[in-house]
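Every chain is numbered from 1 and lettered A, B, ... according to where its sequence line falls, protein lines coming before strand lines.
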Amino acid sequence: MPVRVRFAPSPTGLLHIGGVRTALFNWLFARHDGGEFLLRIENTDTSREVEESVEQIQRSLRWLGLDWDGEIEFQLDGLGRHQEAARRLLAEGHAYEHEGAIRFRMPDEGATVWADAIKGQISYPNEKLEDLVLLRSDGRPTYNLAAAVDDADSGITHVIRGEDHVPNTPKQIRILEALARPLPVYAHVPNVFGTDGKKLSKRHGAVSVEEFRAKGYVAPALMNYLALLGWSYDDKTTIMSRDELVERFGLERVGSSPATFDYEKLDWMNGVYLREMPPDQFADDLVAYLRETGFDGDEETIRASAPLVQEKIARLDEYPKFAGFFFRRVEPSAELLDGSGPLLAQVREALATVEPFASEPIEAALRALAERLDLKPRQAFQPIRAAVTGSNVSPGLFESLELLGRNESLARLDAAIKSYR
RNA sequence: GCCCCCAUCGACUAGCGGCCCAGGUCACGGCCCUUUCAAGGCCGUAGCGCGGGUUCGAAUCCCGCUGGGGGCACCA
């Protein structure tokens, strides 16, 4: 029997990265098995906020490539079924009326035990389980009733959710048993903490998928990183494509202790993915990203400069700072250029006559010049870099000069010579 | 307060009784390469929370402690 799982976020506020990781585990588990991955929104009303939240959840999942099967289910749509279940439990003596609400009758001896696919056996003493409300006095079902009934009605085989749901599990098990419905396998994934050791929340850094996207992370890198947050394949594999992840994922190798989100490792991994991209794809992604974030440089220049920066940046958002000099004149600091006027004058002369104005001939000419002046490469090249890029950190100097073109390069050199003779 | 869960380098983790005086990745330090910064290569620092057991033998099993987390609604 194929596996069927569901991701069931509540549409309150933004879907944050911990939730996304839970969604990822569900998705990987389903795809690995050739089963189904359902998306259910646990809404209790139909406000405007809910609508926006549902949109955001979908955007997040789509961007990461977590496709769900079928239509999105809304918990509210199951109202009739939930009420019916409560009435049945009442009729069969598993529940009783209490001040207008329907309460479930919990056994008060023994224990409720299940074999959690991630955490192993978990046991709750029944005497600690209170008679929970199934149906409120206004007729609306409570979460535990609705969730349990929906899982059963959807034929969910594995409930993979955050560890904050562990205490709900014995309640849902008891409800399902009273209803004579089959129990799903439960798998509770541990929390994700922020770098400060506290549970990840809106207060700690970029937590929504959209923020990661805005910071210039690419989806496959985020997916790979998230997969490794709590799951491992073996003792040495870290970079895995989406297909490899799907092929290798399993609940058995999900750890049972919480993990801390590490932005530095994510940055490193994102850089790995950026560098491994085919140049055309990198350029496409870069252009799309820059357009989205409002960068207004011309596309031709962006594409031409893409190969020069691909090897050097870890996040797309570093581009404007790193390659911005291609789009505007720079103002090098006096500190970087002080006293280099005479050198730059000779550089200018050399560059004025190089033919063609391409990186290789440029490099040859500048190296010859440095040798003639008895300067070490860095002594000769850093002032040029500063004059032309405005910084002592930049893409390759010769390639940058070529891309800038002879006129623009000479103009920047002239400006520097004039100011720093 | 009560219930439940968790515990290997700073971080993510491998380890499921001998293969481990603990392996990989990030970060960190050093060296190499080098026009800068990265990238890359090589080397290195760093860890089994504590105390009892069990066993010929424990990071691995059991108990306690400590620490961390989650949950205790007519919220989801």
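Remark: the A/K265 side chain and the B/U13 base include no donor-acceptor N/O pair separated by less than 3.5 Å. For a distance-only test at 3.5 Å, the side chain of A/D262 fails to qualify as a donor-acceptor partner of the base of B/A27. Judged by distance alone with a 3.5 Å cut-off, no donor-acceptor contact links the side chain of A/K119 to the base of B/C5. Contact of A/S137 with B/C74 (side chain to base): a donor-acceptor pair of N or O atoms is detected under 3.5 Å.
Here the C1' atom of nucleotide B/A14 and the CD atom of A/E252 are 16 Å apart, to the nearest Å. A straight line from NE2 of A/H82 to C1' of B/A76 spans 13 Å, rounded to a whole angstrom. In this structure, the CH2 atom of A/W268 is 13 Å from the C1' atom of B/A39, given to the nearest Å. In this entry the distance linking CD of A/E363 with P of B/U34 reads 12 Å, nearest Å. Computed from coordinates, the A/K236 NZ to B/A22 C1' distance equals 13 Å when rounded to whole Å.
A/E311 comes within 4.0 angstrom of a base, heavy atoms only. In this structure, A/S394 reaches the bases: a heavy-atom distance under 4.0 Å links it to at least one base atom across the strands shown. No engagement by A/D138 is indicated, since no non-hydrogen atom pair under 4.0 Å with the nucleic acid exists. Residue A/F398 is classed as a base contact, given a heavy-atom separation below 4.0 Å to a base. In this structure, A/E99 reaches the bases: a heavy-atom distance under 4.0 Å links it to at least one base atom across the strands shown. Backbone-only contact: A/L228 has heavy atoms under 4.0 Å from sugar-phosphate atoms and none from a base. Contact annotation for A/A259: backbone-only contact, meaning every heavy-atom pair under 4.0 Å involves sugar-phosphate atoms and none involves a base. Using a 4.0 Å heavy-atom distance criterion, A/S257 is classed as a sugar-phosphate-only contact. Across all strands, A/G230 comes closer than 4.0 Å only to sugar-phosphate atoms, never to a base (heavy-atom distances).
A close approach under 4.0 Å does not occur between any side-chain nitrogen or oxygen of A/R378 and OP1 or OP2 of B/U34. Applying the 4.0 Å criterion to OP1 and OP2 of B/G15, one finds that A/R253 has a side-chain N or O inside that range. For A/R367, a side-chain nitrogen or oxygen approaches OP1 or OP2 of B/U35 to under 4.0 Å. Remark: A/T260 is in phosphate contact with B/C12, judged by side-chain N or O atoms under 4.0 Å from OP1 or OP2.
The partner of B/G40 is B/C32, judged by Watson-Crick or G-U wobble contacts that both fall below 3.5 Å. Nucleotide B/G1: paired with B/C72 (Watson-Crick or G-U wobble, both distances less than 3.5 Å). If you check B/C21 for Watson-Crick or wobble pairing at under 3.5 angstrom, you find it has no partner at all. Checking B/G51 for Watson-Crick or G-U wobble geometry (two distances, each under 3.5 Å) identifies B/C63 as its partner.
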>> Test side-chain contact (heavy atoms from CB on, under 4.5 Å) on A/H165 and A/Y143; report intermediate values, then the result.
In response: CA-CA 11 Å; A/H165 283 288; A/Y143 169 74; 3.0 Å; yes
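How far CG of A/L222 is from CG of A/N224: 10.0 Å, rounded to the nearest 0.5 Å. The distance from the NE2 atom of A/H188 to the OG atom of A/S256 is 13.5 Å, given to the nearest 0.5 Å.
At a threshold of 4.5 Å between non-hydrogen side-chain atoms, the residues A/L397 and A/E363 do not count as touching.
For A/F25 and A/H32, the ring centers are positioned 6.0 Å apart or more.
The side chain of A/N191 lies closest to B/G69 when the candidates are B/G40, B/C37, B/G69.
If you run side chain to side chain donor-acceptor pair (under 3.5 Å) between A/R6 and each of A/T157, A/N26, A/D151, only A/D151 comes through.
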